[in-house]
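Worksheet for the structure shown next.
Position 1 is the first residue of the sequence; numbering continues from there. Order of appearance sets the numbers: ligands from 1, and atoms from 1 within every ligand.
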Amino acid sequence: MTSNSDLFLRAKQVIPGGVNSPVRAFGSVGGTPYFVTHAKGPFIYDAEENCYIDYVQSYGPGILGHAHPAVVKAITEAAAKGTTFGAPTEAEIKLAEMVSERIQGLELVRFVSSGTEATMSAIRLARGATGRNRILKFAGCYHGHSDALLAAGGSGVANQGLSGCEGVTPGAVADTIVAPYNVVPEIDETVAAIIVEPVAANMGLVAPNPSFLTELRKVCDQTGALLIFDEVITGFRLAHGGAAEYFGVTPDIWCFGKVVGGGLPVGAFGARREIMENLAPLGGVYQAGTLSGNPLAMAAGRATLELLNQEAHTQLVTTATRLADGLDEVFTAAGFSVSVPRVGSLVGLFFGDQTPPTNFDEAQKLAENGIYSKVFHALLRNGVAFAPGPYEGLFPSLVHSDQIIDTTLERAASAIASI
Ligand SMILES: *Cc1c(COP(=O)(O)O)cnc(C)c1O
C-alpha cells in the first residue's frame, strides 16, 4: 500500500505543489492531502484504504454522488463511438435543448470545457454586445481564473491568502470594478456588465439580501449594462431552473459549469438569441474550443440532468436541511459559536459567530480564525471529508441518504469531542 505522504512527495517532484488545482494541496488547513483511488456514491477512498463520506463531490459536479451508474453507462457508450471529432453532433443539440427548456429566457447556449471559460467568454460577449469596456464584480465572488475576473476572488484565491494574482497585469484588471457583495453599486454607462454569483458560494456560503438581485436587475436596466449570473454552482442545483428561477430574477447572460457536465469538463454560457448572435460564426465576438461540446461530456451532462427532476430538487433541500440543522446542533452543543447558512440545497459553515456573514470582509474574519482547519482534520480522522479550506460550501448529493447524514452527524460529534 502506498501512503498519501509518499504519493504527495512523488507528486511534488513533477507537479507544482503536487496538485493540479491549488486548494487540493491542503495549504490552508495544513497536512497531507488524501490521494483518491476511487469513489462510489457518497463515499471516497484514498490510497491508504480510508473511506470518507464525501461532501466535496468535486466542489459541485457530484450532485448524483460518485460514479452514478447512469452517468458511467452514458460515458462508456459514448466513448466506444469516438471521443472527439471536431464536427458537430446530435449530443450537443440534446443537452442544449435540455438547458434551454429549464432556463426561462435562455434561447441559445454554447458549451465550453470549464466554468472559467464560460465566465471569460460571457464577459467578452457582454463587452462585444454593448460596445462598453468595464465590468463590475463583487469581492469574494469567484468566477474562475481568467485575468479580468481574478480581482478579489473567493475560493482558491482566498484560500491561498492572495488578494490578487501575480502575473495579472494592471491593464488586464483596469476595466474590472470590485464592489462589496450585498451592496447595490452605482454604475454609469461605461459598464458592460455586472457579474454576480446569485448565491455567493466561494467565500463560504453567503446569501444575497432579499432585494439585492432585483436591485441589480434594475441598475442594469437603467444603465444598459448586462446582468450576468454566474450559476456555475447554483445552476441545476438550487432549483430546476437554477438561481434565476429560485429568486425570480432573470439575468441577461447565464454561466454554468460543474453539475451541467455530470463530472466531466463542461461549462456553458447562454442568453437570449439577440445577445448570443454576437458570437462567431454569426457575429464578431470570437470564441471557440477544440474539445467544446465533447461527446463524452455531453453524454454525462445529459444523464445527470435527466435525473434532476422536481422530486430530486425537493429531496436535495430535505437532505441539506437535515445536514445544516444537524451540524448547527452538534457544534452548538459542543460549545462552538457557529453558523450554518443554508439557501435551498446550498450549505455553508462558519465558526466564530452565530450570525452568518453578508460579505467578503465578514466572511474572511471568520474563515481566518483558524477554527475551520481544526474541525476539518478532526472530521477527516473520523471519516468525513469536508473541503480543505474555509471558503467552500458543502455538497451533499442525492445519494447522501438520511442514514448517511445521521452517521455524518454522529462522527462530527465524536470528532469535535477530540479537539
Ligand atoms: C467553480 C466555479 C467557477 C470556475 O469553474 P472551473 O470549472 O473551475 O473553471 C466559476 N464560477 C463559480 C461560481 C464557480 O464556483
Element-labelled atoms of ligand 1 that are located less than 4.0 Å from some non-hydrogen atom of T116: 4 (C), 5 (O), 6 (P), 9 (O)

Against heavy atoms of N202, which atoms of ligand 1 measure under 4.0 Å? 12 (C), 13 (C), 14 (C), 15 (O)

Please list, chain by chain and in numerical order, all residues satisfying salt bridge (charged side-chain N to carboxylate O under 4.0 Å, His left out) with D325, sequence neighbours excluded. none

If you scan protein heavy atoms around atom 1 (C) of ligand 1, the nearest is K258 NZ, 1.6 Å

Below 4.5 Å, heavy atoms only, C-beta onward: do F395 and I233 meet side chain to side chain? yes

Under a 4.0 angstrom heavy-atom cut-off, which atoms of ligand 1 come close to D230? 10 (C), 11 (N), 12 (C), 13 (C)

Distance under 4.0 Å to a non-hydrogen atom of I233: what atoms of ligand 1 satisfy this? 15 (O)

Pick one of side chain, backbone, both or neither for how E197 approaches ligand 1, counting any non-hydrogen atom pair under 4.0 Å. side chain

Can you label the angle between the H240 ring and the H313 ring as parallel, tilted or perpendicular, going by 30° and 60°? perpendicular

Option whose closest heavy atom lies nearest to atom 3 (C) of ligand 1, chosen from L149, V232, V196: V232

Checking a contact table here: which protein heavy atom is nearest atom 5 (O) of ligand 1, and how many Å away? G115 CA, 3.2 Å

Any idea how F336 and F331 line up, ring-wise: parallel (<30°), tilted (30 to 60°), or perpendicular (>60°)? perpendicular

Contact between I195 and L149 at the side-chain level, heavy atoms closer than 4.5 Å - yes or no? yes

Under the 6.0 Å and 45° cation-pi test, does K258 pair with F256? no

Ligand-side contact atoms (ligand 1) for residue partner S114, heavy atom cut-off under 4.0 Å: 7 (O), 9 (O)

How long is the gap from CG on D252 to CZ on F229, to the nearest 0.5 Å? 9.5 Å

Should H145 be listed as contacting ligand 1, given a heavy-atom distance under 4.0 Å as the test? no

